[in-house]
Amino acid sequence: MKLASMMKKGRMLVLAYDHGMEHGPTDFNDKNVDPNYIMQLAKATKLPIVLQKGLAEKYYDKSVPLILKLNGKTNLYKGEPYSPPLATVAEAVKMKAEAVGYTVYIGSKYEAKMFKEFELVQREAHKKGLPVMLWVYPRGKSVKNDTDKDVLAYAARVGLELGADVVKLKYPGSVRAFKWVVKSAGEVKVVVAGGVKKDVKGLLKQTYDIVKSGGAGLAVGRNVWQYDKPKLIVKALKDIIFKNKTVDEVMHNDSGKL
Ligand code: FBP
């Protein structure tokens, strides 16, 4: 499905695969370390995919929408987080990306620098008609709890203030808290990162709660491609996000398989 039509309908499911940069191959196994395997998965499930420039140049085959991630960092340095620009909107346009992705770490010592750099990206992307997905991660020594309801609501609001079209956040743990986060984002769509691999039921329940709270869905990596049967997981997530199915319905439909 085109990214624009997902955004218009207010429901989204996106496959994230920028972990090789953010975490290193430690997240991968023999299969999913191969970007070709992930491209095949995206193609089979028709999911938009998030890639850094290097992977996009070598592996992206235009079979699904591309969200080109324009900045990134490793997790080797443990100081105040800063994510430098690594690719441009012009490159995203050249690669026929349907959106660009960017991370800002609010609360970091380098917040102001990242805001300034993002401002240029946001303006250029909108000039070219590309929506912007903003990873807004509260992080750094000033941030005591990055899943606190008020901290995440602040992150959502910052995304709105900065001109993002979609914000990607962590989940605060409850429907009540997430409703406030979504409300704080105004018209900006809110998607949630999957985080470390969960048990299937936990993942589906959280996804159901996200949608119930007014969230758009997920931009998910490990909780899809670390499973043995990622296509079944995607089908279940799609049923919840796009077809409003319940966890029980989804588990029942695919009982024994998931
Ligand atoms: P997951 O669904 O695997 O959590 O991926 C979401 C994501 O935002 C990726 O796009 C990114 O690589 C990673 O998480 C960053 O994780 P963090 O900075 O929290 O370690």
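In each ligand, atom 1 is the first atom listed, and ligand 1 is the first ligand listed. Computed from heavy atoms alone, side chains included, the values below leave out hydrogens, waters and symmetry copies.
- On a distance-only criterion, E22 and ligand 1 share no N/O pair closer than 3.5 Å.
- Residue contacts with ligand 1 leave out N223, since none of its heavy atoms falls under 4.0 Å from the ligand.
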Query raised in the report: Between F28 and Y17, is a ring-ring contact (aromatic ring centres under 6.0 Å, His included) present by the stated rule, with each step listed?
Result: CA-CA 10 Å; F28 303 146; Y17 190 60; 5.4 Å; yes

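- Nearest to atom 5 (O) of ligand 1 among the protein's heavy atoms is H19 NE2, 2.9 Å.
- Both tests hold for K197 against Y227: distance to the six-membered ring centre under 6.0 Å, angle to the ring axis within 45°.
- The closest protein non-hydrogen atom to atom 9 (C) of ligand 1 is D18 OD1, 3.1 Å.
- Note on ligand 1: V50 sits outside its first shell, no heavy atom being nearer than 4.0 Å.
- Counting heavy-atom neighbours within 6.0 Å of D199 CG, excluding the residue itself, gives a total above 12.
- At the shortest separation from atom 8 (O) of ligand 1 among protein heavy atoms lies Y137 OH, 2.6 Å.
- By the 3.5 Å distance cut-off applied to N or O atoms, G195 is counted among the residues near ligand 1.
- The closest protein non-hydrogen atom to atom 6 (C) of ligand 1 is K168 NZ, 3.1 Å.
- For ligand 1, none of its N or O atoms has an N or O atom of Y105 under 3.5 Å away.
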Take H126 and D165 through the side chain to side chain contact (heavy atoms under 4.5 Å, CB included) test and state the conclusion after the steps. CA-CA 10 Å; H126 281 185; D165 303 288; 2.7 Å; yes

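- No N or O atom of A193 sits closer than 3.5 Å to an N or O atom of ligand 1.
- Within 6.0 Å of the NZ atom in K198, the count of heavy atoms belonging to other residues, nucleotides or ligands exceeds 12.
- Y137 and Y105 have tilted rings, their planes meeting at an angle from 30° to 60° on a 0 to 90° scale.
- Taking distance alone, with nitrogen or oxygen atoms compared against 3.5 Å, G194 approaches ligand 1 more closely than that limit.
- The single protein non-hydrogen atom nearest to atom 20 (O) of ligand 1 is H23 NE2, 2.6 Å, given as residue, atom name and distance.
- The number of heavy atoms from other shown groups lying within 6.0 Å of OH (Y37) is above 12.
- Not a single heavy atom of K69 sits under 4.0 Å from any atom of ligand 1.
- Less than 4.0 angstrom separates some heavy atom of A16 from each of these atoms of ligand 1: 10 (O).
- At a threshold of 4.5 Å between non-hydrogen side-chain atoms, the residues L3 and M12 count as touching.
- E119 and K116 are not joined by a salt bridge, as no carboxylate oxygen comes within less than 4.0 angstrom of a charged side-chain nitrogen.
- In the displayed structure, N36 atom CG is contacted under 6.0 Å by more than 12 heavy atoms of other residues, nucleotides or ligands.
- Residue-ligand proximity: R139 is placed with a non-hydrogen atom under 4.0 Å from ligand 1.
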